[in-house]
Every structure is written in structure tokens, then in C-alpha cells.
Amino acid sequence: KWPSLTAAPTFFAATPGVGGSGIMSFVNAGIYWSRFTAVVTNMVARAVAATKTFSIPAVGILVGETDADTDTTSRGTFKSRMDTLYSDMNTYIKAQTGQSNDVIAVATQINYGSKRPNNPGAIALGCYDWHDGQNKIVAGPMYQYPYNDLYHPTALGRRLMGEKMGQALK
């Protein structure tokens with residue numbers, strides 16, 4: 001899936017810097033969409049200024065626990081929200097970079113503890129349903145990594161998560 005490289009790539013990493021927000025806060029109509037577009041726009045501007053070619057072959061999506069705060073988000077609803085997020089990100093990235101290849105999105109899902117006593121698997125199963133093995137990949141859950149608390153992995157936990165996401169891209 002990776003495009004051919006003629007030179008060593010430069011990697012950018014960015015985060016919207018917002019915790020405790022559901023997926024719909026980050027889609028095109030969401031309140032934090034502008035944070036995503038600002039990062040992409042900045043990356044494209046830097047590449048243009050350096051007269052470099054530029055594309056965004058992959059993005060990581062860390063699925064948090066906020067969408068699991070109540071038992072009201074169904075498996076199907078969560079998958080639909082993930083589809084919307086992927087579509088919005090892919091469309092925007094391709095328009096800004098001019099790339100023809102679709103973005104590969106790799107998601108991983110953190111622990112959401114016991115917030116869903118009546119439907120504990122809905123978010124994980126929604127991620128499973130979203131995974132298509134081509135452009136939408138779930139690298140797995142993060143339950144097995146060390147945590148500072150119920151929701152936030154330690155530095156080692158985040159490193160292991162990054163390694164797992166990298167493996168999924170291979």
C-alpha cells in the first residue's frame with residue numbers, strides 16, 4: 001500500500017490536543033475539525049516552502065473512551081461515526097495534497113473500563129466492523145499495555161501502541 005519512495009521521508013506527528021471528546025467532535029462538522037485542517041495545511045505549506053513533494057499516506061486514530069461514556073452508542077452507530085471520520089479526513093487530505101492514493105487510517109482503542117455495563121463490547125465491535133484490511137485498519141486494543149490510570153497509558157504503553165500501529169502498516 002505504501003507509495004514508492006525516492007528519498008527518505010519526513011514524518012510529522014500531530015494531535016488535536018483535546019481529550020474527553022467523542023469522534024463526532026473531530027469530523028468535518030465537528031468543533032475540533034479546524035485543528036485537524038490546520039495541521040494538514042501547515043504540513044503542506046512547509047513542503048511547498050521547501051520545494052518538496054508531499055503526501056500523507058497514513059494517519060493514526062486513537063479511539064478514546066468518551067464515546068463509551070454511556071450505553072447509548074451502539075455498535076452500528078460507532079462504526080458509522082468511524083466511517084464519517086475516515087471519509088472526512090481522506091477527502092480533505094487528498095484535496096490539500098493532490099495525492100491520488102487514499103489515506104490508510106490505523107486505529108487503536110484504549111481501555112474504557114466498566115463504563116458500559118449493559119453493552120461492554122459495542123465500541124470494540126464497532127471498530128472491528130469498521131476495519132476493512134485495506135485503508136481502514138484496527139491495530140488492536142490497548143488493554144494489554146501499562147496504564148497510569150484506567151484511561152491513560154504510560155510512556156511505555158504509548159510506545160508499545162505506536163509499535164503495534166507501525167506493524168499494522170507493514
Side-chain angles (χ1 to χ4, degrees), residues 1-67 78-110 123-124 126-142 144-145 152-170:
K1 290 295 284 184
W2 286 97
S4 298
L5 298 175
T6 56
T10 299
F11 289 91
F12 289 93
T15 178
V18 179
S21 297
I23 287 176
M24 296 309 288
S25 297
F26 297 98
V27 301
N28 191 352
I31 60 174
Y32 298 120
W33 177 252
S34 63
R35 292 181 182 210
F36 170 76
T37 60
V39 169
V40 172
T41 301
N42 185 28
M43 288 190 287
V44 171
R46 286 173 181 245
V48 169
T51 62
K52 302 280 186 181
T53 58
F54 182 77
S55 70
I56 300 176
V59 296
I61 301 172
L62 176 59
V63 178
E65 77 281 354
T66 299
D67 287 289
F78 192 76
K79 180 206 179 281
S80 177
R81 290 175 180 173
M82 289 288 286
D83 284 337
T84 299
L85 178 62
Y86 174 79
S87 177
D88 289 353
M89 292 171 76
N90 188 47
T91 299
Y92 187 80
I93 287 170
K94 289 172 72 174
Q96 296 303 306
T97 64
Q99 69 193 53
S100 59
N101 58 303
D102 285 329
V103 172
I104 300 168
V106 179
T108 188
Q109 183 226 336
I110 69 170
I123 303 302
C127 285
Y128 174 81
D129 293 342
W130 174 78
H131 172 94
D132 68 6
Q134 297 294 314
N135 293 323
K136 298 182 283 186
I137 300 169
V138 176
M142 293 175 49
Q144 68 275 24
Y145 304 138
H152 302 97
T154 63
L156 174 61
R158 291 186 185 277
R159 188 190 68 139
L160 293 170
M161 175 198 68
E163 289 177 5
K164 182 55 74 178
M165 292 174 91
Q167 290 172 347
L169 285 169
K170 282 188 162 185

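Nearest heavy-atom pair, Phe54 versus Met43, reported as atom, atom and distance to 0.1 Å: CZ-CB, 3.4 Å. Contact between Leu169 and Ala58 at its shortest, heavy atoms only, is CD2-CB, 4.0 Å. Here the closest heavy-atom approach between residue Trp130 and residue Ala107 is recorded as CZ3-CB, 3.7 Å. In terms of heavy-atom proximity, Val106 sits nearest to Met165 at O-CE, 3.0 Å. Across all non-hydrogen atoms, the minimal contact from Ile137 to His131 is CA-ND1, 3.3 Å. Among all heavy-atom pairs drawn from Ser55 and Pro57, the shortest one is O-CD, 3.4 Å.
Surrounding NZ of Lys164 are at most 12 heavy atoms belonging to other residues, nucleotides or ligands under 6.0 Å away.
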Stepwise side-chain contact (heavy atoms from CB on, under 4.5 Å) check, Asn42 with Arg46: CA-CA 6 Å; Asn42 185 28; Arg46 286 173 181 245; 3.4 Å; yes
Pair Ile61-Lys136, side-chain contact (heavy atoms from CB on, under 4.5 Å): steps then yes or no: CA-CA 10 Å; Ile61 301 172; Lys136 298 182 283 186; over 6 Å; no
side-chain contact (heavy atoms from CB on, under 4.5 Å) between Tyr128 and Val138, worked out: CA-CA 7 Å; Tyr128 174 81; Val138 176; over 6 Å; no
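Residue Phe26 holds its CZ atom at 15.0 Å from OG1 of Thr84, rounded to the nearest 0.5 Å. For the atom pair CG of Leu160 and CD of Gln144, the computed distance is 8.5 Å after rounding to the nearest 0.5 Å. In this structure, the separation between CZ on Phe36 and CG on Leu85 is 8.0 Å, given to the nearest 0.5 Å.
Within the 4.5 Å cutoff, the side chain of Ile56 has no heavy atoms near those of the Gln96 side chain. The closest side-chain heavy-atom distance from Phe78 to Ile23 is below 4.5 Å.
For Lys79, the salt bridge (Lys or Arg N to Asp or Glu O under 4.0 Å) partners are Asp83, not counting sequence neighbours. Take Tyr92 and apply the side-chain hydrogen bond (donor to acceptor under 3.5 Å, both in side chains) test, not counting sequence neighbours, and it matches Thr41. With sequence neighbours left out, the side chain to side chain contact (heavy atoms under 4.5 Å, CB included) criterion links Thr154 to Pro146, Asn148, Leu156.
Side-chain atoms of Gln99 do not come within 3.5 Å of backbone N or O of Ile93 as any donor-acceptor pair. Remark: side-chain polar atoms of Asp88 are not paired, donor with acceptor, to backbone N or O of Val27 under 3.5 angstrom.
The one candidate from Asn101, Asn90, Ile104, Val103 that meets the side-chain contact (heavy atoms from CB on, under 4.5 Å) condition with Asn135 is Ile104.
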